[in-house]
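Have a look at the structure below before the remarks.
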Amino acid sequence: MITRMKKYNFLIYYKDYKHILLKLRELGVVHIVQKQLGTIQEDSELARNLSIEKRLHNVVEQLNFISIEHHIKEHDTQIDKNADANLLLEYVESLFAEKDKLQLEKEHIQREIDKITPLGEFEPEDIHRLERKGLFIHLHEVTESKFETQWIEDYYAVKLGMNGSLLYFATITKDPIPPPIEADDMRLPDKSILNWKIDLINCEKARKDIENELNNTAKDKIETLRYFEKRVNDEIAFEKVELSGDTAAEEKLLILEGYVPEENEPETTNILKNEALYFNVSTPQPKDNPPVKLQNNRFAKAFELIANLYDKPNYHAFDLTPFFAPFYVIFFGLCMGDCGYGLLLLLLSVFIKRSKQGFIQTAGQLGIYLSIGAIVFGFISGTFFGIQIPELSFSWLNPLKTFILDEKKLFFFALIVGGVQIIYAIIIKAITQWLRFGFSYSLDAFGWLLLLLGNGALLLPDINSKLYPSSLALLHYFITAVAVGMMLFFNNPVKGIKGIPGSIGTGLFGLYNKLTGILGDFLSYIRLFALGISGSVMGLVFNELAQGFAPDIVVLRELVMIVILLFGHGLNMFINGLGSLIHPMRLTFVEFYKNAGFEGGGKPYTPFVRTAR
């Protein structure tokens, strides 16, 4: 559900502006409506802080990656709040810059070594000694097929080595200019291979020293850098809020707008009464756009991760997260289609939930709910790691086998669940429109509901058998006429009687879209059945492959089977798990949200608060 907000309008004398903003920040519950800042001056304090924040963020991200890569555990080191932030930042940046420089130098040295390796071991001084005596050595490269033996006689050509199809050779002349032969000339190396290798060792040693220093920095200084990053973020947030006030009375007064959750309104009002400012508290009007703070129970809160992938609900609308969450569990379980995979996912989710990071912990909680759905509906599908549960001969399983559905029943079960969700969505839409705008605005949705449920109920065998054919037909006509009338005449109540012709036209167009769209929406739920069956079949195939390809040799047979089963079921679980997340998401965001009248565009509630403490 969406937390109700109270709107605050502040009128602040310009000399008290900064003091009041500091007070609001200490309260930590006021969401300030910020203005678009436009172009930021390069020499402004805000621009400087934004630049520093970006540098700090990059450094912290790189150090965090080092911590993960080298399995550095969280250190209980004290945060040095009195450290020189700029000096520490510049020092860490210089370490990363030096590391990058050494990496480039290492790559350059390795290229030089690769280039002269085919030439063999030599000392440049020996070549220079020959040059002083009037003999010049020239290096060349050519494809082996184009090497001419005449060059040996004319220029004392000596083959040095091969690199693929390229032949490296040297010629000796008394002329410093290379001989006129059809081969590519090479530059004489400045160093021998031995010297280049020494340079490579020294470069690698220096790089290792830098890496060790960065590891120690990640261990001892990352928390301090994170504190500085939070502090700079606080300054940026303060400056943005400071620029959000509208001036009045010849810029002597500033007007500020904010929102506070209803439960925090009494405390906030009491504290602000003691300050030298005027403020007004009111209930947000439909024209206002308050921030959205979701407040759901533990179960629905985990599914906010999925809901946020689409959009935040409009403050004046309805949060659909608690309503789609149970269906999502069912859909995920049907798509996964294997209770064995569900058990593995449950173990993985329990492990992930142990994380101290809020997002990962919530993801683990979500995984637990989804894995329970996979276990339950995987069992109903009758599959355990590709093994058909009905074929197992365990006596304790026999009473439970009555819950297992065959393929035909699974197909209809998926459609029934889909139909229930669509009806459920239309009921939600009707009720929300009633509560928000009045009963007349909900008649369009109630008419659509009457058309589906009323005519659908008359098709039930118990009711059908008790009515005469003529009575049944009359009821069909009556229900249809009333439902269509509600949709035609009440799809736009604001226009009243004068707008009836337009309402009828709009209603006919909407009725056509609904009738054609409902069938597509309904049939979309077949994917739940199709994905579950395909996953079960693939699991069965990998089981048969493991048995069929394993050699009839003791121990080796078991090893081959284990490899095939691990690879096959791992791949199947990954692909199936991905589909089990995406396709229920599609059914939620398209079929359910559309029929429930979801309205997005909500802004997240971000209170003005000091994070660095």
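For the atom pair CG of L56 and OH of Y227, the computed distance is 12.5 Å after rounding to the nearest 0.5 Å. With rounding to the nearest 0.5 angstrom, the CG atom of L347 is 11.0 Å from the CD1 atom of I352. Rounded to the nearest 0.5 Å, atoms NZ (K99) and CG (L214) are 6.0 Å apart. Atom CD1 of I368 sits about 5.5 Å away from atom NZ of K353, to the nearest 0.5 Å. Atom OH of Y605 and atom OH of Y259 lie 13.0 Å apart (nearest 0.5 Å). The CG atom of L531 lies 11.5 Å from the CD1 atom of I575; values are rounded to the nearest 0.5 Å.
Donor-acceptor pairing under 3.5 Å is lacking for the side chains of Y155 and E153. In this model, a donor atom of one side chain and an acceptor atom of the other lie less than 3.5 Å apart for Q365 and Y369. A donor-acceptor pair shorter than 3.5 Å can be found between the side chains of D319 and N296.
Taking both residues in full, the closest heavy atoms of A325 and F299 are given as CB-CE2, 3.6 Å, listed atom of the first, atom of the second, then distance. The nearest pair of heavy atoms linking L95 to I210 is O-CG2, 3.5 Å. Here the shortest heavy-atom pairing between H138 and P179 reads CD2-CD, 3.8 Å. Between S580 and Y328, the shortest heavy-atom contact is O-OH, 4.4 Å. In this structure, K301 and T362 approach most closely via the heavy-atom pair O-CG2, 4.4 Å. Pairing each heavy atom of G340 with each of F385, the nearest pair is O-CZ, 3.3 Å.
Contact of the V260 side chain with the P607 side chain is not registered, since no non-hydrogen atoms from C-beta on lie closer than 4.5 Å. Side-chain contact check for L88 versus K221: some heavy-atom pair is nearer than 4.5 Å. In this structure the side chain of E257 never reaches within 4.5 angstrom of the side chain of I32, judged on heavy atoms. Residues K208 and K205 have side chains not in contact (no heavy-atom distance under 4.5 Å, counting atoms from C-beta outward). The shortest side-chain heavy-atom distance between N233 and E53 falls under the 4.5 Å cut-off. In this structure, the side chains of F96 and L63 come closer than 4.5 Å at one or more pairs of heavy atoms. The closest side-chain heavy-atom distance from F331 to L587 is below 4.5 Å. Side-chain contact between M5 and Y315: present, with at least one pair of heavy atoms (C-beta onward) separated by less than 4.5 Å.
Looking only at distances, a side-chain donor or acceptor of D338 sits under 3.5 Å from a matching main-chain atom of G386. Although no hydrogens or angles enter the test, the distance criterion places a donor-acceptor pair under 3.5 Å between the side chain of N308 and the main chain of E304. At distances below 3.5 Å, not a single donor-acceptor pair connects side-chain atoms of T3 with backbone N or O atoms of L294. Here the side chain of S536 pairs a donor or acceptor atom with the backbone of G337 at under 3.5 angstrom. D16 places no side-chain N or O within donor-acceptor distance of the main-chain N or O of H19, the cut-off being under 3.5 Å. Remark: side-chain polar atoms of N216 are paired, donor with acceptor, to backbone N or O of N212 under 3.5 angstrom. For the pair H31 (side chain) and T606 (backbone), a donor-acceptor distance under 3.5 Å is present. Proximity of a side-chain donor or acceptor of N264 to a complementary backbone N or O of V29 within less than 3.5 Å is not detected.
Enclosure of atom CG in L104 by more than 12 non-hydrogen atoms of other residues, nucleotides or ligands within 6.0 angstrom is indicated. Shown here is E144, whose CD atom has no more than 12 heavy atoms of other residues, nucleotides or ligands within 6.0 Å.
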- [ ] Evaluate salt bridge (Lys or Arg N to Asp or Glu O under 4.0 Å) for K101 paired with E105, printing each intermediate quantity in order.
- [x] CA-CA 6 Å; K101 180 183 174 183; E105 186 178 345; over 6 Å; no
Open item on the list: Is there a side chain to side chain contact (heavy atoms under 4.5 Å, CB included) between L346 and F351? Walk through the geometry before answering.
Closed with: CA-CA 9 Å; L346 179 62; F351 176 76; over 6 Å; no
Open item on the list: Let's go through V292 and K603 carefully: what are the C-alpha distance in whole Å and the side-chain angles of both, what is the deciding distance for side chain to side chain contact (heavy atoms under 4.5 Å, CB included) to 0.1 Å, and is it a yes or a no?
Closed with: CA-CA 6 Å; V292 174; K603 299 181 299 183; over 6 Å; no
Task: Trace of the side chain to side chain contact (heavy atoms under 4.5 Å, CB included) decision for N86 with F228 - done: CA-CA 10 Å; N86 289 325; F228 288 141; over 6 Å; no
TODO: Please step through side chain to side chain contact (heavy atoms under 4.5 Å, CB included) for the pair W196 and I193, ending with a clear verdict.
DONE: CA-CA 5 Å; W196 278 118; I193 293 178; 5.7 Å; no
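A salt bridge links E93 to R55: at least one charged side-chain nitrogen sits closer than 4.0 Å to a carboxylate oxygen. In summary, K230 and D234 do not engage in a salt bridge, as defined by a charged side-chain N under 4.0 Å from a carboxylate O. With salt bridges taken as basic N to acidic carboxylate O contacts below 4.0 Å, none links E229 and R226.
A side-chain hydrogen bond (donor to acceptor under 3.5 Å, both in side chains) with N49 holds for exactly one of E239, K54, R231; it is E239.
Considering only residues two or more places apart in sequence or on other chains, K106 meets the salt bridge (charged side-chain N to carboxylate O under 4.0 Å, His left out) condition with E204.
Among residue pairs with one or both ends in residues 555-570, those qualifying as side chain to side chain donor-acceptor pair (under 3.5 Å) are Y341-H569, N543-H569; sequence neighbours excluded.
Note: F169 and W151 meet the aromatic proximity criterion, with ring centroids under 6.0 Å apart.
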List the atom pairs, donor and acceptor, that lie under 3.5 Å between side-chain atoms in residues 130-137 and the rest of the protein, sequence neighbours left out.
from	atom 1	to	atom 2	distance (Å)
R132	NH2	E125	OE2	3.0

